[in-house]
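For reference, the structure discussed in these notes is given below.
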Amino acid sequence: MKANYEFPQCQELGDLAITSDRDFDNIKHHLALVFLALEAIADISSEVMIQEAKNLNLESLISDQIILGRSSSWSSQDKDSGEYPKFNIEHVKALVTLICHLAAQHQELLRRAVSLLEQASAQNQSPLKTALLGNYCDRFIELHHQRIAATHPEPEILSALAWKLLISLLFYSGNNGRCLLWAAIFE
C-alpha cells in the first residue's frame, strides 16, 4: 500500500508559507503533542509507528530517529548538532499522513473515548473517573513529562490539553483528517 502524502483536496493550504525555523519548531511541537495523545490513548509503540511508516512507504521521510525520539529529536538543540536530518515540509506532510492513518486505525476507540468525555461533561462529572479516560490522561501527562516539557505545567492544564487533543484525533481519523491536521498546524 502506497500512501499519498500530497493533499490535493486541501491545495489552498499548501500555499501556506513556513518562513522561519521558529515556524518549523511550532509545527514540530504541535505534531509531537498529537503523536503523544495518539500514543497515550491507543498505546501505540514506536515500533508500530515505524512499521506503519514502512507500510505507507514513508520510511525515507520518517526515519526511526524521528519516531523513536519524538519531540526530543526535533528540538532546536538537536537540530543544530547535525545528528538528525533537516526537517522540511515533506517530513511534515509524511508525519501528517502517518498520524491520520494511525488515528483512522483506532477510530472506534477514539469515538468511544470522546463519547465518554461528552457524557462526563454533560453529567458535570470528572472524566478521570472513567477508566479509559483516566488511563489516557495519566499516560498523556506521564509522556508529556518524559518527552516534551523541561518544566511541568499544572495537571489541570495538561488534562485540558489532553482532552482537546483527544477530540482533535477523532477528527483526524476521518476522511478529511489530513486537511484538518494540516490546517491545525498552521494555526
Closest non-hydrogen contact found for Leu165 with Tyr136 is CB-OH, 4.3 Å
Between Glu142 and Arg139 (salt bridge meaning N to carboxylate O under 4.0 Å), is one present in this structure?
yes
Side-chain polar contacts of residues 119-126 - donor-acceptor pairs under 3.5 angstrom, sequence neighbours left out - could you list them?
from   : atom 1 : to     : atom 2 : distance (Å)
Ser126 : OG     : Leu128 : N      : 3.1

A side-chain contact here means heavy atoms from C-beta on lying under 4.5 Å apart; do Ile44 and His106 qualify?
yes
Taking all non-hydrogen atoms of both residues, which atom of Val96 and which atom of Arg178 are closest, and how far apart?
CG1-O, 3.8 Å
I'd like to know whether Trp163 forms a side chain to side chain contact (heavy atoms under 4.5 Å, CB included) with Phe140, so could you lay out the CA-CA distance, the side-chain angles of the two residues, the decisive distance to 0.1 Å, and finally the verdict.
CA-CA 10 Å; Trp163 306 138; Phe140 180 85; over 6 Å; no
State, yes or no, whether a side-chain contact exists between Ser159 and Ile141 at a heavy-atom distance under 4.5 Å.
yes
Quick check: closest heavy atoms across His145 and Pro153, and the distance to 0.1 Å?
CE1-O, 4.4 Å
Could you please spell out the steps behind the side chain to side chain contact (heavy atoms under 4.5 Å, CB included) verdict for Lys28 and Leu95?
CA-CA 10 Å; Lys28 291 183 282 187; Leu95 288 168; over 6 Å; no
Check Leu133 against Ala113 and note the closest heavy-atom contact, atom names and distance.
CD2-O, 3.5 Å
Do you know the tightest heavy-atom contact between His91 and Leu61?
CD2-O, 2.7 Å
Would you find a donor on one side and an acceptor on the other, under 3.5 Å apart, between the side chain of Ser115 and the backbone of Arg111?
no
Quick one: do Leu132 and Ile41 satisfy side chain to side chain contact (heavy atoms under 4.5 Å, CB included)? Show the steps, please.
CA-CA 8 Å; Leu132 176 64; Ile41 189 64; 4.0 Å; yes
Identify the heavy atoms of Ser173 and Ala104 that sit nearest to each other, and give their distance.
O-CB, 3.5 Å
